Amino acid sequence: MEDTTAADTSDAPRPDIATPLVAWFRAEARDLPWRRPGFPAWGTLVSEIMLQQTQVARVVPRLEAWLTRWPTPADLAASPPGEAVRAWDRLGYPRRALALHAAATAIAGQHDNVVPRDVDALLALPGIGDYTARAVAVFAYGDRHPVVDVNVRRVLARAVLGEGEPGPAKAKRDLPLMESVLPEDREAAAATNAAVMELGALVCVARSPACDVCPIADRCSWRAAGYPEHDGPRAPRQARFAGSDRQVRGLVMAELRASDVPVTRDEVDLVWPDAEQRARALASLLRDGLVVGDDATGYRLPDA
DNA sequence: TAGCCGTGGGA
DNA sequence: TTCCCAAGGCT
């Protein structure tokens, strides 16, 4: 018997969500720096890396300062990686700053200081994965690709699949699903990507979605089904932060960012009481290249 | 591939 | 206070 509950595998044509979403986006989209006319592709790349797991409101000020200091990839590449880590400040996941510096170095050296437009070329850069590569190709260059982040996955899970929340991210399934929603027209497809993301960020949010103001409420599968509880596999929850190695790494990094001179081992030892965990955090930071030095010379951000 | 990698805002 | 979760990527 045919499974009529599996909306994703049904042959029946699905309602058009792109058209009403783009109309809504034109009227309601936030005024954000990377949506300004003439915003450079380099700015789009920097913004997308900063936005990985980080809220828009925290990114905007850092982004403007970053682009003022480093207007092109070559400008960033000419600075020590530690300066990128310092300028990253408290955005979190500082490995992103190191990856961005490495990406800038590659762009300056291998791409004539021009951010690549090709998705595969973008994917080859450090710190750029399925989401960021397509976001740059679509939002900086206007090309036609599916862009899938957590907002898109949530909107598609609800509106198209009729599920309350997205399962674990899976490119093999997520990219074709978003592709199936995109209009053929290149510019309309780019607008649809932005619109679906924006809906997920502003209306179709994880907790307490604002279905009463949703422009596609009348064609939402989840709503039509009566908002069933999510039953399928759930996206994994992140581990507790308090007391974690992540917290200790963050404390060590804050210490190094705040110092213009190498930080002594004694000073490092003051950031956290547990010696074993401290050692583990410091070792992992050294392994990541976020910290250089040793007990004899002290510890500092990478200068070359 | 499941687990790890920061920090902070909002409920 | 505590918990959730945020324009993901890497190994």
Side-chain angles (χ1 to χ4, degrees), chain A residues 25 29-30 32-35 43-63 85 88-100 102-103 122-140 145-155 165-172 174-175 178 190 193-202 204-209 233-257 271-272 277 280-281 283-285 287-291:
Chain A
F25 182 76
R30 292 168 290 179
L32 297 170
W34 47 90
R35 292 176 180 165
T44 301
L45 174 54
V46 174
S47 74
E48 291 299 347
I49 292 182
M50 287 185 170
L51 286 163
Q52 290 168 5
Q53 296 289 282
T54 307
Q55 301 93 325
V56 167
R58 290 208 292 141
V59 163
V60 171
R62 281 291 114 221
L63 174 67
V85 173
W88 199 253
D89 196 40
R90 304 184 64 81
L91 277 180
Y93 293 146
R95 293 191 292 196
R96 292 183 293 167
L98 222 45
L100 179 53
L122 286 161
L123 285 170
L125 297 172
I128 297 187
D130 284 323
Y131 165 75
T132 305
R134 290 172 178 80
V136 169
V138 171
F139 300 137
H145 305 282
V147 179
V148 177
D149 74 332
V150 67
N151 292 305
V152 171
R153 295 197 305 107
R154 186 172 53 252
V155 170
E165 51 185 271
K170 201 59 218 107
K172 286 279 182 285
D174 299 335
L175 289 174
M178 183 56 181
N193 278 306
V196 175
M197 285 182 65
E198 191 79 342
L199 189 81
L202 297 183
C204 195
V205 294
R207 289 174 289 186
S208 308
R234 303 183 59 170
R237 278 175 37 201
Q238 71 180 5
R240 163 181 224 85
F241 177 71
S244 67
D245 287 2
R246 276 187 299 160
Q247 181 178 15
V248 182
R249 284 168 54 106
L251 292 170
V252 173
M253 290 304 296
E255 194 75 19
L256 296 196
R257 282 197 309 268
V271 307
W272 191 256
Q277 199 174 9
R280 197 165 58 232
S284 73
L285 289 169
R287 191 181 324 123
D288 287 346
L290 283 164
V291 175

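Since this is a predicted model, take the numbers as computed values, not measurements. To find a chain, count down the sequence lines: A is the first, B the second, and so on, and within it residues start at 1.
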Could you check if a side-chain atom of Leu202(A) sits within less than 4.5 angstrom of a side-chain atom of Arg30(A), using non-hydrogen atoms only? yes
Which part of the nucleic acid, if any, lies within reach of Asp288(A) when heavy atoms closer than 4.0 Å are counted: base, sugar-phosphate only, or nothing? nothing
More 5' along DNA chain C: Arg237(A) or Arg30(A), using each one's nearest nucleotide? Arg237(A)
For the side chain of Lys170(A), counting heavy atoms from C-beta on, which of dT1(B), dG9(C), dA6(C) is nearest? dT1(B)
Please report the distance, rounded to the nearest Å, between CD in Gln53(A) and P in dG8(B). 16 Å
Tyr93(A) OH - dC5(C) C1' separation (whole Å): 10 Å
Going by heavy atoms in the side chains, are Leu125(A) and Ile128(A) under 4.5 Å from each other? yes
Distance-only polar pair, side chains of Tyr131(A) and Gln52(A), donor-acceptor under 3.5 Å: no
Provide, to the nearest angstrom, the distance between the CD atom belonging to Gln55(A) and the C1' atom belonging to dG8(C). 13 Å
Distance check needed: dG9(C) P versus Trp88(A) CH2, whole Å only. 12 Å
Counting neighbours of CZ on Arg234(A) that are heavy atoms of other residues, nucleotides or ligands and sit closer than 6.0 Å, is the number greater than 12? no
Students often get this wrong, so: under 4.0 angstrom with heavy atoms, is Arg240(A) touching a base, only sugar-phosphate, or nothing? sugar-phosphate
Non-hydrogen side-chain atoms of Arg240(A) and Arg246(A) separated by less than 4.5 Å: no
C1' atoms of dC5(B) and dT1(B), separation to the nearest Å: 16 Å
Separation of Leu175(A) atom CG from dA7(C) atom P, in whole Å? 18 Å
Which nucleotide, dC5(C), dA7(C), dG6(B), lies nearest any side-chain atom of Met197(A)? dA7(C)
Applying a 4.0 Å non-hydrogen cut-off, can you work out what Leu91(A) is touching in the nucleic acid: base, sugar-phosphate, or nothing? base
For residues Phe139(A) and Asn193(A), determine if any side-chain heavy atom of one lies less than 4.5 Å from a side-chain heavy atom of the other. yes
Take Leu290(A) and Pro236(A), find for each the nucleotide of DNA chain B with the closest heavy atom, and name the residue whose nucleotide sits nearer the 5' end. Pro236(A)
If we take the C1' atom in both dG6(B) and dC4(C), what is their distance in whole Å? 16 Å
Among dG8(B), dA7(C), dG6(B), find the nucleotide with the atom closest to the side chain of Arg246(A). dG6(B)
Looking at dA7(C), dA6(C), dC5(B), which one has an atom nearest to any side-chain atom of Arg154(A)? dA6(C)
dT1(C) and dG8(B), which share atom name P, separated by this distance in whole Å: 16 Å
Check whether any side-chain N or O of Arg257(A) sits under 4.0 Å from OP1 or OP2 of dG6(B), and answer yes or no. no
Proximal nucleotide (of dG8(C), dC5(B), dA6(C)) relative to the Tyr131(A) side chain: dG8(C)
Out of dG6(B), dG8(B), dG8(C), which nucleotide sits closest to the side chain of Val150(A)? dG8(C)
Scan Leu123(A) against the nucleic acid and name what it touches under 4.0 Å (heavy atoms): base, sugar-phosphate only, or nothing. nothing
Among the nucleotides dG9(C), dG6(B), dA7(C), whichever has the atom closest to the side chain of Thr132(A) is dG9(C)
When all nucleic acid strands are considered with a 4.0 Å heavy-atom cut-off, which category describes Trp34(A): base, sugar-phosphate, or nothing? base
Taking CD from Gln238(A) and P from dT7(B), how many angstroms apart are they, rounded to a whole number? 13 Å
Given dC4(B), dG9(C), dA7(C), which nucleotide is nearest the side-chain atoms of Ala239(A)? dC4(B)
Let me spell it out: for each of Pro168(A) and Thr54(A), pick the nucleotide of DNA chain B with the closest heavy atom. Which residue's pick is nearer the 5' end? Pro168(A)
Here the distance between atom C1' of dA7(C) and atom CZ of Arg153(A), to the nearest Å, is 12 Å
So what does Ala135(A) hit on the nucleic acid, given a heavy-atom distance under 4.0 Å: a base, only sugar-phosphate, or nothing? nothing
Is there a side-chain polar atom (N or O) of Arg58(A) under 4.0 Å from OP1 or OP2 of dA6(C)? no
CG of Asp149(A) versus C1' of dC5(C): gap in Å, rounded? 13 Å
Please pick, from dC5(C), dG8(B), dG6(B), the nucleotide with the shortest atom-to-atom distance to any side-chain atom of Arg90(A). dG8(B)
Taking the side chain from Ser244(A) and the backbone from Phe241(A), do they hold a donor-acceptor pair closer than 3.5 Å? yes
Quick one: label Gly129(A) by what it contacts on the DNA or RNA (base, sugar-phosphate, nothing), any heavy atom closer than 4.0 Å. sugar-phosphate
